[in-house]
Number of protein chains: 2
Amino acid sequence: MLNWKNFDELSSYQALKDAKRVDVKTVMSGDSGAERVKKYHVPMAEGLDYNYAAKAVDDDILGKLADLAKEAQLAEKFEELYDGAVINTGEKRLVLHHLTRGQLGKDVIADGVNKRDFYVEQQKRIAEFANKVHAGEILNEKGEKFTTVVQIGIGGSDLGPRAMYLALENWAKVNKTLKMTAKFISNVDPDDAAAVLESTDVAHAIFVLVSKSGTTLETLTNQTFVMNALRRDGLDPSKHMIAVTSETSPLAHSDEYLAAFFMDDYIGGRYSSTSAVGGAILSLAFGPEVFAQFLEGAAAEDKLATEKDPLKNPSMLDALIGVYERNFLGYESTAVLPYSQALNRFPAHLQQLDMESNGKSVNRFGDPVSYVTGPVIFGEPGTNGQHSFYQLLHQGTNIIPLQFVGFRHNQIGMDDTIQGSTSQQKLCANVAAQIVAFACGKEDENLNKNFKGGRPSSIIIGDQVNPKTLGALLAHFENKVMFQGFVWNLNSFDQEGVQLGKVLAKRVLAHDTEGALKVYSDLLNI
Amino acid sequence: MLNWKNFDELSSYQALKDAKRVDVKTVMSGDSGAERVKKYHVPMAEGLDYNYAAKAVDDDILGKLADLAKEAQLAEKFEELYDGAVINTGEKRLVLHHLTRGQLGKDVIADGVNKRDFYVEQQKRIAEFANKVHAGEILNEKGEKFTTVVQIGIGGSDLGPRAMYLALENWAKVNKTLKMTAKFISNVDPDDAAAVLESTDVAHAIFVLVSKSGTTLETLTNQTFVMNALRRDGLDPSKHMIAVTSETSPLAHSDEYLAAFFMDDYIGGRYSSTSAVGGAILSLAFGPEVFAQFLEGAAAEDKLATEKDPLKNPSMLDALIGVYERNFLGYESTAVLPYSQALNRFPAHLQQLDMESNGKSVNRFGDPVSYVTGPVIFGEPGTNGQHSFYQLLHQGTNIIPLQFVGFRHNQIGMDDTIQGSTSQQKLCANVAAQIVAFACGKEDENLNKNFKGGRPSSIIIGDQVNPKTLGALLAHFENKVMFQGFVWNLNSFDQEGVQLGKVLAKRVLAHDTEGALKVYSDLLNI
């Protein structure tokens, strides 16, 4: 039987609170720093490596974090999760996104079916559909091939799949597996859909409507918006649309779609990139084989996450260090800084993943917690960020922990030696330099040019952004967020905080308002 | 003579510290809330309006903020700035970006010239060049018209111009003033330039190299990268490139460019959208008349910023409320949430503008300050953010102040009534609903569905994102950041925090490293 205790009820909470702090600047200087970079790392899947040398930890803190992992039963809770317990206590649901990419534990039977079989079945159906589209067996009304796929979805149905598509688009071009160009419509601002439609050859486009419930306001509105536009162009929407939804949704068995593919209530939106939500668009864009490789990378990383010892479990260790920074060092935000243009929108996806999962004030039983939980997550790719917000990261009055990601090789392979080094070398040199600059700083008599250092970071290093490493990277962060939720005793899998705004927006549209809401509505001419 | 005192030396600092706090939930409920929304607003330029009803202020706090404005001599300091004092104390430079869009005070003579005349002259030269390109008087080697313009720049030479271009692209299409498509290359990751080149008809493209100093590593590298690619395509780079730089830079008088346009050391990168840095690409993309309207909007907003009474000065008031939240309410981050897809990358620009200007720990004299300064800035457009990080904003353990922006009309004008309301109405209804949801919350016995409220926000409301309102919006935030820098007694116009990383990166590339830096370099195969 598992103990679901609040974080501050654990003895390791007090031990970490009392532990001697580590001065990052001191330990990262000189030989000690070199030793740490060699020692403080954990291999991830697909050749990735999580290096935490520049974090404010030492063997003592790591020992106490390992005690915390044990006391909080992180590995056991993960096991409960993948074996099919009701981990989403608020909505009374299982949490099964890991099953979309592999079987970690027992068979999970729910709704009368083996859920692993169900997810695999959907992947197969998507693969067959995508192969037929690519082979020209499924064609538009004029018997022509489809060239573009447009996802209509918002939140988890947008950010994850969009970030993954952008991460692999150039890789796929180089590897000649870009089957269709993908685009995305998300915002209810009509300019979003209108601009995408304007720049798309809609006669040769398949639209993927993604909504688990089949009731998401923005998505249904954009669907109708698109259908109306198709009809105005003399096209039959039902020949251009597929749905990704739950089997019980109103969209599941409708004549309005060429086909429908299914997820279920056990896949949270922000965890749905490896389900049919990511599967349909990524399989259409890149081919089912590429999507399978992506799942393979995620499954390999999930396997590592089952390890009990956090020093051998990169996502668990990353989670524990993040908790330590948040609750004992008092850091409120974390910056995600991938040194890869392909990971341009990866920080925006992690922002949702993390902030929507753990931005909560009550525990999984609905009782208030008396400690801080999920941090603010933000970030842009390097080196761009260096010329933007890094000023504050280096010299601001608050310390922001940093999560770097770097790759030895680019995707396109076009590179020139300029002033003695390639662009790729310059990119890598910059991320290495930044870690040390943040950690060690540099003294200067002119305090305006003084760098205090002591700003902690970690880095995930890999060879290249490709389907497998991307899957591993995604799973790493999903599992990190899950483990942090376990430590904080949260339900990381619901999002009640998004409900009130929806309710009030409906009242505004029904002109059923009073007080401030009425005046704001008037000001906005609603 | 002005007093440049630290914030905590002012008597209004103590008064604000001791002031009675305002409970946002209480004051925003019922009739009181309605009254506040009607009362607590300041007109901005171009029909915009800054409404701060949902901020944690009342007449008492506002009075004390007005005292602070007076004691800190905010209006007088701004006057010193636009009259040409050396406000950038670190680099001993004037700060003249306001002069690029209008003359607020005295003639400013520097480097032996009237600087307003200088900036206007550059605008004219750019306008003539752009008009010739559009008219087909400047052509490529084959005598064909240019169709695309590609900016090569990073940081301030990228984020601002890119955000402005994206904000106006659809407006320009609708208004038939989109003369050329614009693209941007910024990251030293070679995949950035390679992907842009791959998707661009380079034979019909003009590249705008932007670097004030002419020495920015990323930009010069990308320039050579692009030149090499052009040569491989049999093109003469000097027939495809223009430069935007300072007159003293190595790029200023080179045969390698079709033309060179100038800014100077008095325009900080993050304040350069209204200078030649934004001017070249925006004039080429939209025509000089559109760029002139953008400047007009900014100039009108600047004029309002000269007002001494913060209750009539929207950017000063916004700045003061932000300082109050940061230093007395203890809020560390601010979210920027434009309900407009056109302002997609506006938050990324504000992130640089704010964090690079005020993310500092020493005052303008180089002495440490003992209070917190610039906040973390992040944001995504609404309604997208609602389905992402709003969970934490509503129910997280930290309070994040919110800066909403909303418009009554979209740009493209394509809209449908779906379930009784248009997409535009749904968009506006959502922003109104969010403000009230954040401020007032909603009690629920199930604490998981309980919303505490008390989360402060402001909103800027306008009719439409167009060149004039965009200029006004940009100037508002530039001036807000400037006023906050004055309160905190910072030099908001240098960025010494970006230097150390550059120095260390050079050492990595020269293989002149030891300790941790050497090991990281080895791990990254440099």
Side-chain angles (χ1 to χ4, degrees), chain A residues 33-34 37 154-155 187-192 194 224 332 341 352 355-356 359 362 366 372 378 387-389 391-392 394-397 408 410 412 414-415 418 421 423 426-430 432-434 436-437 447-449 495-497 500-501 504-505 508-509 515-517 519-521 524-525, chain B residues 33-34 37 154-155 187-192 194 224 332 341 352 355-356 359 362 366 372 378 387-389 391-392 394-397 408 410 412 414-415 418 421 423 426-430 432-434 436-437 447-449 495-497 500-501 504-505 508-509 515-517 519-521 524-525:
Chain A
V37 185
I154 195 164
N187 203 331
V188 79
D189 180 346
D191 285 346
D192 189 15
T224 306
E332 185 176 317
Q341 190 62 22
Q352 178 192 24
M355 293 175 72
E356 198 169 43
V362 299
V372 294
F378 69 99
H387 295 259
S388 168
F389 52 84
Q391 164 66 41
L392 184 146
H394 279 289
Q395 293 188 319
T397 48
R408 297 179 193 95
N410 55 71
I412 301 179
M414 180 176 164
D415 205 351
I418 294 163
S421 59
S423 292
K426 291 183 181 78
L427 181 69
C428 287
N430 271 280
Q434 289 295 334
V436 174
L447 292 185
N448 196 29
K449 297 174 192 285
Q495 54 284 322
E496 292 294 342
L500 178 56
L504 293 185
V508 174
L509 291 170
L517 190 52
V519 188
Y520 280 122
S521 304
L524 284 153
N525 275 9
Chain B
V37 185
I154 194 164
N187 203 332
V188 79
D189 180 347
D191 286 347
D192 189 15
T224 306
E332 185 176 316
Q341 191 63 22
Q352 178 193 23
M355 294 175 72
E356 198 170 42
V362 298
V372 294
F378 69 98
H387 295 258
S388 169
F389 53 85
Q391 165 66 42
L392 183 146
H394 279 289
Q395 294 188 318
T397 48
R408 296 179 193 97
N410 55 70
I412 301 179
M414 180 175 164
D415 205 352
I418 294 163
S421 59
S423 292
K426 290 184 182 77
L427 181 70
C428 287
N430 271 279
Q434 289 295 335
V436 174
L447 292 186
N448 196 28
K449 297 174 191 283
Q495 54 283 324
E496 292 294 341
L500 178 56
L504 294 184
V508 174
L509 290 170
L517 190 52
V519 188
Y520 281 121
S521 304
L524 284 152
N525 275 9

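- Ranked by heavy-atom pairs under 4.5 Å with chain A, the list B/Gly501, B/Ser521, B/Cys428 is led by B/Cys428.
- Both the backbone and the side chain of B/Leu447 come within contact range of chain A, each with at least one heavy atom under 4.5 Å from a heavy atom of that chain.
- There is a side-chain donor-acceptor pair under 3.5 Å between B/Gln434 and B/His394.
- Contacts with chain B were tallied for A/Thr397, A/Asn410, A/Asn448; A/Thr397 has the most, counting heavy-atom pairs under 4.5 Å.
- When every heavy atom of A/Leu517 is checked against every heavy atom of B/Ala432, the shortest pair comes out as CD1-O, 3.5 Å.
- Comparing A/Gly396, A/Ala433, A/Gly155, A/Ser423 by heavy-atom pairs within less than 4.5 Å of chain B, the highest count is held by A/Ser423.
- The choice from B/Asp415, B/Ile412, B/Leu504 that makes the most heavy-atom pairs within less than 4.5 Å of chain A is B/Ile412.
- Note that the CD atom of A/Gln341 and the CG atom of B/Asp191 stand 8.5 Å from one another [nearest 0.5 Å].
- Heavy-atom pairs under 4.5 Å with chain A peak, among B/Leu500, B/Ile418, B/Asn430, B/Leu509, at B/Leu500.
- Most heavy-atom pairs under 4.5 Å with chain A: of the set B/Ala437, B/Ala34, B/Gly497, B/Gly366, this distinction falls to B/Gly497.
- Heavy atoms only, all atoms of each residue included: A/Gln395 and B/Glu496 are closest at OE1-C, 3.9 Å.
- Using a 4.5 Å cut-off between heavy atoms, B/Thr224 touches chain A through backbone and side chain atoms alike.
- For the options A/Val362, A/Asn525, A/Leu524, heavy-atom pairs under 4.5 Å to chain B are most numerous at A/Leu524.
- Within the 4.5 angstrom heavy-atom criterion, atoms from both the backbone and the side chain of B/Val436 approach chain A.
- Annotation for A/Gln352 and B/His387: closest pair NE2-O, 2.8 Å, computed over non-hydrogen atoms.
- When each of B/Leu427, B/Val372, B/Asp189, B/Val508 is checked for heavy-atom pairs under 4.5 Å with chain A, B/Asp189 comes out on top.
- Here the straight-line distance linking atom CD of B/Gln495 with atom CD of A/Gln391 works out to 7.0 Å at 0.5 Å rounding.
- Among B/Gly33, B/Ala429, B/Ser421, the residue with the largest count of heavy-atom pairs under 4.5 Å with chain A is B/Ala429.
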